[in-house]
Structures are given as C-alpha cells and as structure tokens.
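Values in this document were obtained by computation on a predicted structure and should not be read as measured data. When a residue number appears, it is its place in the shown sequence, counting from 1.
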Amino acid sequence: MGFKDSSRQTFLQELYNRAEGDFKVQISMYDIGAYLGLGKDEAAALGQDLFIEGLAEMITLSGGMGITQKGLEAVGINITSKNESQYFSLGSDPVIDDQGKKAVHELLNKIRSGLDSKTFSFDLIEEIVIDLKTIEVQMLSPKPKTLIIRETFKFINQNIKGLAPQDLKLELQTIIS
C-alpha cells in the first residue's frame, strides 16, 4: 500500500513530536494513526513503510516504534553530539559569565516569540511571563546567579512541554543541564 509523501511526513513528524526527539522512547503507531485519522491497518502499513525506509524502528511487536537518526534528518532535525551542541549550557559556575548572559537573553527572546504562536491558557501565559521577568530581574544583577536562572528555566520548560517547538525544548533542556 503506497502512501503520499505528505502522509508519510506527517506520520513521521508526529512520531518525532511525541518522542520529543528521544531515540529510547517508544510510541504506538496505532495511537499516531488514530490521531491522524487512520485506521489500524493504515497506521500499521505506514509504520512498516517508515521502518523499511530506515526512518523508524520497530521496538515491540505490538506496534511500539521509535524514530531513527535518518528519521530525524527527514523531519529536518540534525542532532549533534554533546560536545558539538549548538546550544549553551549554564554550567556549574555560581555566576553567569558574559557568554551566558548573551545566551540567556537570546533564549528569553525565543520563548517570548514562541508564546505568540501557540495556544496557551491565560494562567499558563501569566506564569511563564512572571518567570521570564524573574530571569530578567536576575540578569540586572552585576553577578546573575546561575542557580536562580536555571531553576526558573526548569519551570518554564515544564510549562511549555508539548506546546513549544522541538528546537526550543532542546535549547531549554541544554541550558538547564
């Protein structure tokens, strides 16, 4: 059974979104299919096609699958090793240095712009805005405290999980690591 490239791409993108880019996470091809309005047979056939192409990996016989490196590339994600990460990590220094200050300001702007394009409840937006303000106030200090900023980013990360673009989630996860 052949599928249009758009169906294949949509299925693969949904696999990626649900796994949040994690190779170890298994997602049911049937759940993805149901979400996309496909029957079990259609979902199984599409999942098998992705497996045959090397874009997904069958993890369980009951339909659990994961995304592969090739699958990530097919959805436009290029994972780099920890040493080559394109994102900044706050590290363990008690005070944020100049490079960290720049990275924090850039991430704050990305989060703000991400709030405009997503559907968030008023209460959630309010909480995120207050967290952003907390970081901005801390950044006014001549010695911004890494611990305060990291913990606040952790709360923001929890609040936008599942609602933010994957690259923003990766950047948040990296900065707090």
Asker: Would you compute the distance between atom CG of Leu108 and atom NZ of Lys133 and round it to the nearest 0.5 angstrom?
Answerer: 10.0 Å
Asker: Identify all side-chain donor-acceptor contacts of residues 140-152 below 3.5 Å with residues at least two apart in sequence or on another chain.
Answerer:
{"residue": "Ser141", "atom": "OG", "partner": "Lys143", "partner atom": "N", "Å": "3.0"}
{"residue": "Ser141", "atom": "OG", "partner": "Lys143", "partner atom": "O", "Å": "3.3"}
{"residue": "Lys145", "atom": "NZ", "partner": "Lys143", "partner atom": "O", "Å": "2.6"}
{"residue": "Thr146", "atom": "OG1", "partner": "Asp93", "partner atom": "O", "Å": "2.7"}
{"residue": "Thr146", "atom": "OG1", "partner": "Pro94", "partner atom": "O", "Å": "3.4"}
{"residue": "Arg150", "atom": "NE", "partner": "Ile176", "partner atom": "O", "Å": "3.1"}
{"residue": "Arg150", "atom": "NH2", "partner": "Gly91", "partner atom": "O", "Å": "2.3"}
{"residue": "Glu151", "atom": "OE2", "partner": "Lys154", "partner atom": "NZ", "Å": "3.1"}
{"residue": "Thr152", "atom": "OG1", "partner": "Ile148", "partner atom": "O", "Å": "2.7"}

Asker: How about Lys101: does its NZ atom have over 12 heavy atoms from other parts shown lying under 6.0 Å from it?
Answerer: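 Atom NZ in Lys101 is packed in, count exceeds 12.
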Asker: What I'd like to find out is whether the side chain of Leu38 reaches to under 4.5 Å of the side chain of Tyr30, using heavy atoms alone.
Answerer: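 Leu38 vs Tyr30: side chains apart.
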Asker: Within a strict 4.5 Å, meaning less than it, do heavy atoms of the Ile67 and Glu57 side chains meet?
Answerer: no
Asker: How long is the span from the OG atom in Ser28 to the CD1 atom in Ile59, to the nearest 0.5 Å?
Answerer: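 The CD1 atom of Ile59 is 11.5 Å from OG of Ser28, to the nearest 0.5 Å.
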Asker: What is the minimum heavy-atom distance between Ala74 and Leu55, and which atoms define it?
Answerer: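 Shortest heavy-atom contact: CB-CD2, 3.9 Å.
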Asker: Can you confirm whether Ile175 sits close enough to Asn157 that some side-chain heavy atom of one is under 4.5 Å from a side-chain heavy atom of the other?
Answerer: no
Asker: Salt bridge or not for Lys110 and Glu106, using N-O below 4.0 Å?
Answerer: no
Asker: Quick check: do Leu90 and Val104 have side-chain heavy atoms less than 4.5 Å from each other?
Answerer: yes
Asker: What verdict does the side-chain contact (heavy atoms from CB on, under 4.5 Å) test give for Glu14 and Phe11, after you've listed the backbone C-alpha separation in whole Å, the side-chain angles of each residue and the deciding distance to 0.1 Å?
Answerer: CA-CA 5 Å; Glu14 187 61 22; Phe11 193 96; 5.9 Å; no
Asker: Among Asp131, Thr134, Ile160, which one satisfies side chain to side chain contact (heavy atoms under 4.5 Å, CB included) with Phe155?
Answerer: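 Considering Asp131, Thr134, Ile160, a side chain to side chain contact (heavy atoms under 4.5 Å, CB included) with Phe155 is found only for Asp131.
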Asker: From Tyr35 OH over to Asp31 CG, what is the distance, rounded to the nearest 0.5 angstrom?
Answerer: 12.5 Å
Asker: Please tell me if the side chains of Glu126 and Ile130 come closer than 4.5 Å, counting only heavy atoms from C-beta onward.
Answerer: yes
Asker: Report yes if some heavy atom in the side chain of Met29 is under 4.5 Å from a heavy atom in the side chain of Lys40; otherwise report no.
Answerer: no
Asker: How long is the straight-line distance from CE of Met139 back to CD1 of Ile96, given to the nearest 0.5 Å?
Answerer: 5.0 Å
Asker: Roughly how far, to the nearest 0.5 Å, is the CG atom of Leu107 from the CD1 atom of Ile156?
Answerer: 7.5 Å
Asker: Treating Ile, Leu, Val, Met, Phe, Trp and Tyr as nodes and any side-chain heavy-atom pair under 4.5 angstrom as an edge, say whether Val137 and Leu132 lie in one connected cluster.
Answerer: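 No, it is not one cluster - the side chains of Val137 and Leu132 are not joined through contacts under 4.5 Å.
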Asker: Using side-chain heavy atoms (C-beta onward) and a distance below 4.5 Å, is Ile111 in contact with Phe153?
Answerer: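 When only atoms from C-beta onward are counted, Phe153 and Ile111 do touch, with a gap below 4.5 Å.
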Asker: Which heavy atom of Gly33 sits nearest a heavy atom of Ala43, and at what distance?
Answerer: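 Nearest heavy atoms, Gly33 then Ala43: CA-CB, 3.8 Å.
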Asker: With a 4.5 Å cut-off on side-chain heavy atoms, are Leu50 and Thr68 touching?
Answerer: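 Heavy-atom side-chain distance check fails, nothing below 4.5 Å.
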Asker: Is there a salt bridge (Lys or Arg N to Asp or Glu O under 4.0 Å) between Arg8 and Glu53 once you walk through the steps?
Answerer: CA-CA 11 Å; Arg8 182 176 131 305; Glu53 293 176 46; 2.9 Å; yes
Asker: Please list, chain by chain and in numerical order, all residues satisfying salt bridge (Lys or Arg N to Asp or Glu O under 4.0 Å) with Glu127, sequence neighbours excluded.
Answerer: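 In terms of salt bridge (Lys or Arg N to Asp or Glu O under 4.0 Å), with neighbours along the sequence ignored, Glu127 is linked to no residue.
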Asker: What's the separation between atom CE in Met65 and atom CG in Leu12, rounded to the nearest 0.5 Å?
Answerer: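 Met65 atom CE to Leu12 atom CG measures 8.0 Å (nearest 0.5 Å).
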